[in-house]
Amino acid sequence: MASRFNPLKADAHWQKVWEEGGTFRASDDSDRPRSYVLEMFPYPSGRIHMGHVRNYTMGDVLARYRRMNGHEVLHPMGWDAFGMPAENAAMERKVHPGEWTRANIATMKAQLKRLGFALDWSRELATCEPDYYGHEQALFVDLFEAGLVYRKESEVNWDPVDMTVLANEQVIDGRGWRSGALVERRKLAQWFLKITDFAEELLDGLDGLDQWPDKVRLMQENWIGKSRGMRFRFRIAGPRPGMEEIEVFTTRPDTIFGANSAALSPDHPIAQALAAEQPEVAAFIALCKQGGTTAAELETAEKLGFDTGLKVVHPFDPDWQLPVFIANFVLMDYGTGAIFGSAAHDQRDLDFARKYGLPVRRVVAPTAEEADLPIGDEADLRDGVIVNSRFLDGMSVEAAIAEVIARAEAGGWGEGTTAWRLRDWGVSRQRYWGTPIPIVHCAACGAVPVPKDQLPVILPEDVDFETPGNPLERHPTWKHVACPSCGGAGRRETDTLDTFVDSSWYFIRFASQPGNRPFDPEVAKRWLPVNQYIGGVEHAILHLLYARFWTRALKHIGMLDLEEPFSGLFTQGMVTHRTYQDEAGNWLLPEEAEAAKAAGESVKAGRVEKMSKSKRNTVDPEPIVDQYGADAVRWFMLSDSPPERDLEWSEAGIEGAWKFVNRLWRLSAASEAGEGTDIALERKLHQTIAAVGANIEALAFNKAVANIYELANAIEKAPPSASRTEAVAVMMRLVAPMVPHVAEEAWAAAGNPGLVADAAWPEADPALLVEDEVTIAIQVNGKLRDTVRTAKGAAREDLEKLAVANTAVQRILAGAAPRKVIVVPDRLVNVVA
RNA sequence: GCCCCUGUGGCGGAAUUGGUAGACGCGCUCGACUCAAAAUCGAGUUCCGCAAGGAGUGCCCGUUCGAGUCGGGCCAGGGGCACCA
């Protein structure tokens, strides 16, 4: 046996054995317990990066571990293959997006295979292929027919040069990131999915996701943003045809007697109606539309109001009238698009009142005696009792809210309600490389879904990216089709679906992929929900919320009896690396920094950051695999850093991992046969079996790695014995999920039949998990003074005597009797002096 | 601004319900092997101190026989949301 492990030979050999044997192919018909382990599928950007390696290694360890525990494991892989980078590549390099994407998939698939992941490649899918997106179109049609899809005018960021819609992140300082043109706010008819219909369910469902990080649940909860409050209607004073009332939303009806104004969104129908009559109003609304929409700009933007001259009547006092403003900070798509101002207890309302000379009246005070405490420039946000509010005086805030709602409901002018921050999901993208929306527009019939027997609506291949704009829109023939309903001249929808739609159901298609429909519900149900989903925290809201919504929508239309798609979620940290810059401030690749340092040039070492192309601090996994083999890379990815935290890539780290792979190999090879039992080593072995299993289950891979190191240290120190031989053999099974190639090599070299991948996970003997001797800490006043070894289960009195008689304790007591002695059996004795 | 998380050696990090802080790895020091180096093996490595001993888990206070762990108040770093009425 070679003294040094040869990863290049071993990796290729075992990968071939696994592939040819179909080792990791999941059977739909198995009667073993099932585990569905899934990592977020990659976008085929070109090459695998370290973040992928870390993500897929984690999932792989769990998948392999579950297999060894007798589970039928589904661990698939595919490609989130639609999206803008392919179109950018098409424009820059004059290649078709499909050609570019498929070439990337081929490259990345080969790279993934070299890492030895236990994947069922027979279920591979790419969302850019008609046999995936065609089924997606069918699901879209189902949702359309169930009334969960609608079309409405919506504002978008429009780049007038590239003639495309930009996402908010693509607008930099008000300009398109690519063209540099000033971005316009333009209204376009867009398709929406009614995620808001499911707001309550999606919120309530979070409670049941007890295997999700609290952080992600909290983020989703905040995103959905449920607010209890009330809607009520102000009557507009005076005869105004078509303008009888203004409906507002508030979470603080208790401050109703502090009301000083009503304010409308610039997009509010009444504001729009006024603008049609009065040029000043139209000018003000135009002013509101200027300026950016970024968070920073909104934060610093001035709060502007325009007094319309309209008055509304206070709901509790027909003689009390309030002015109506149009205000730039009132959002049309939250609540009712109109509010009332109550200045004393809300900072923004207070600023607005001071600016426009509106009255400020305290209606909540810490105590009833402080009703006249003046309000300065700071709103008083303290809780307390209602004051200056007629029949509400003396009530708690909570009671006053209930009272106002009760009176409004009795009077028929308002009601308790709930407002949501969550908006419907706009899925229209004016781009080529996405799933065509299966709709035909017809002058006579309106928007008509494409009948299922005419699906898939396939993307045309002959498109040009020479001219800006959506190639589907420009295509000479593609959009001209007959209306499926009346047969008249129709026009295909040229928008494509947001790629988040593609990733909202791929995990279902992995579980079941019939040719004639999206999935077989019965087969899909056998696997779903995904037991463990692993991916980056950057998807905590959008992808994970959309997938939850899609799953519930499918249940709603009776297609899949499932509420939550992912019962367990784990969000792993990023792979980071130090950044380097030269004298001139140019970012240097790590190897360039090394070379420059060697050449005596000065190199500035920057912060440790997420690997990114722009900072040039990436490390390409492939040459690392060439040099050290898959196992060393995998072991490094699992070592040291807890998986939810960032992992800093380091040369020393991969060297260390490589050394350990070789150490394992030497241990197995040089395992000198011995006789007799070594009870201490057997205890260590069984404790390690239990600990590694528990730590893998908990995804605490760094701890499992530490457990293995301890065992390896113990084995190396132990003299040859039958126990030692056994320990080495068992250790190879313990490391098999993490470093499968060297484990297979050792397993085979030891003459074992079959594959270690198919071997059973070792069982820990409970009798060997406990020690028969323990170390007792001897403390004086809680400070450690000595330790003694005793038999496990020693009597309290004996331990106490032992401690008091201890020389270190005697010295401190100096002849005095201890005031008190605390005994924790099998742990410690604390003598209180 | 609101919400949340994290602070432990030179570094990454361990530490059941409060019960021996620093497991394990990296790095470093010394030693063995070698003509030499690499690899490997052995010993050591929280800080101060020759030692006895003392200090120590971001800072301050508290609860307790005993606090990395619990409570209160700060400081620092990170994340999410953000004109949400």
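Just so you know, these numbers use all the heavy atoms, side chains as well, and skip hydrogens, waters and symmetry mates. Worth saying up front: this structure is predicted, and the values here are computed from it rather than measured. Quick note on labels: first sequence line is chain A, next is B, and so on, each numbered from 1.
Going from the C1' atom of B:U40 to that of B:C59 covers 46 Å, rounded to whole Å. Spacing between B:G12 and B:A82 at atom C1', rounded to whole Å, works out to 35 Å. As rounded to the nearest Å, B:C83 and B:A67 have P atoms that lie 47 Å from one another. Between the P atoms of B:U69 and B:G79, the separation comes to 26 Å (whole Å). Taking atom C1' in both B:G66 and B:C3, the straight-line distance is 35 Å, to the nearest Å. Taking the P atom of each, B:G9 and B:G68 are spaced 14 Å apart, rounded to whole Å.
Nearest to the side-chain atoms of A:Glu710 among the listed nucleotides B:C81, B:A23, B:A85 stands B:A23. Side-chain proximity of A:Ala652 to the nucleotides B:G25, B:C26, B:C84 is greatest for B:C26. Across B:C24, B:A82, B:U40, the shortest atom-to-atom separation from the side chain of A:Trp223 is found for B:A82. Distances were taken from every side-chain heavy atom of A:Arg423 (C-beta onward) to each of B:A85, B:C84, B:C65; the shortest belongs to B:C84.
Between A:Lys792 and A:Glu771 there is no salt bridge, since none of the side-chain N atoms of the basic residue sits less than 4.0 Å from a carboxylate O of the acidic one. Ion pair A:Glu716/A:Arg724 not flagged as a salt bridge, since none of the NZ, NE, NH1 or NH2 atoms sits closer than 4.0 Å to an Asp/Glu carboxylate oxygen.
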Under 3.5 Å, which donor-acceptor pairs do the side chains of residues 819-833 of chain A form with other protein atoms, sequence neighbours left out?
residue  : atom : partner  : partner atom : Å
A:Arg819 : NE   : A:Ala833 : O            : 3.3
A:Asp826 : OD1  : A:Gly793 : N            : 2.8
A:Asn830 : OD1  : A:Asn781 : N            : 3.2
A:Asn830 : OD1  : A:Gly782 : N            : 2.8

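As rounded to whole Å, 12 Å separates atom C1' of B:C24 from atom NZ of A:Lys717. Here B:C84 presents its P atom at 12 Å from CG of A:Asn328, a figure rounded to the nearest Å. Rounded to a whole Å, the CG atom of A:Leu358 is 20 Å from the P atom of B:A85.
Listed by first and then second residue, the side chain to side chain donor-acceptor pair (under 3.5 Å) pairs that reach into residues 337-350 of chain A are A:Thr255-A:Ser342, A:Gln347-A:Asp351, sequence neighbours excluded.
Contact check, A:Arg785 against B:G54: a side-chain N or O comes under 4.0 Å of OP1 or OP2. A:Arg663 has no side-chain polar atom (N or O) that falls below the 4.0 Å cut-off from OP1 or OP2 of B:A39. For B:C5, neither phosphate oxygen OP1 nor OP2 lies less than 4.0 angstrom from any side-chain nitrogen or oxygen of A:Arg217. Close to B:A82, at under 4.0 Å from its OP1 or OP2, lies no side-chain N or O of A:Asn222. Phosphate proximity of B:A23 to A:Tyr709: absent, as no side-chain N or O sits under 4.0 Å from OP1 or OP2. Listed pair A:Lys783 / B:A55 meets the phosphate criterion, a side-chain N or O lying under 4.0 Å from OP1 or OP2.
Among the duplex regions that RNA chain B forms, those built from at least three successive Watson-Crick or G-U pairs under 3.5 Å are B:1-7 with B:75-81, B:10-12 with B:24-26, B:27-32 with B:40-45, B:46-48 with B:53-55, B:58-62 with B:70-74, ordered by first number.
Near RNA chain B, meaning a heavy atom under 4.0 Å from it, residues 338-355 of chain A has A:Ile339, A:Arg348 in order of number.
Ring planes of A:Phe352 and A:Tyr356: tilted class, angle from 30 to 60°.
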What does nucleotides 10-22 of chain B look like as a protein-contact string, B for base, S for sugar-phosphate only, - for none, at under 4.0 angstrom between heavy atoms?
--BSSS---BB--
Do A:Phe636 and A:Trp649 pass the ring-ring contact (aromatic ring centres under 6.0 Å, His included) test, and can you show the C-alpha distance, the side-chain angles, and the key distance before you say yes or no?
CA-CA 9 Å; A:Phe636 176 67; A:Trp649 176 266; 4.8 Å; yes
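The main-chain N or O of A:Gly51 is never found under 3.5 Å from a side-chain atom of A:Asn55 such that the two would form a donor-acceptor pair.
Legend: residues meeting side chain to side chain donor-acceptor pair (under 3.5 Å) with A:Lys355, ordered by chain and number and at least two apart, are A:Glu302.
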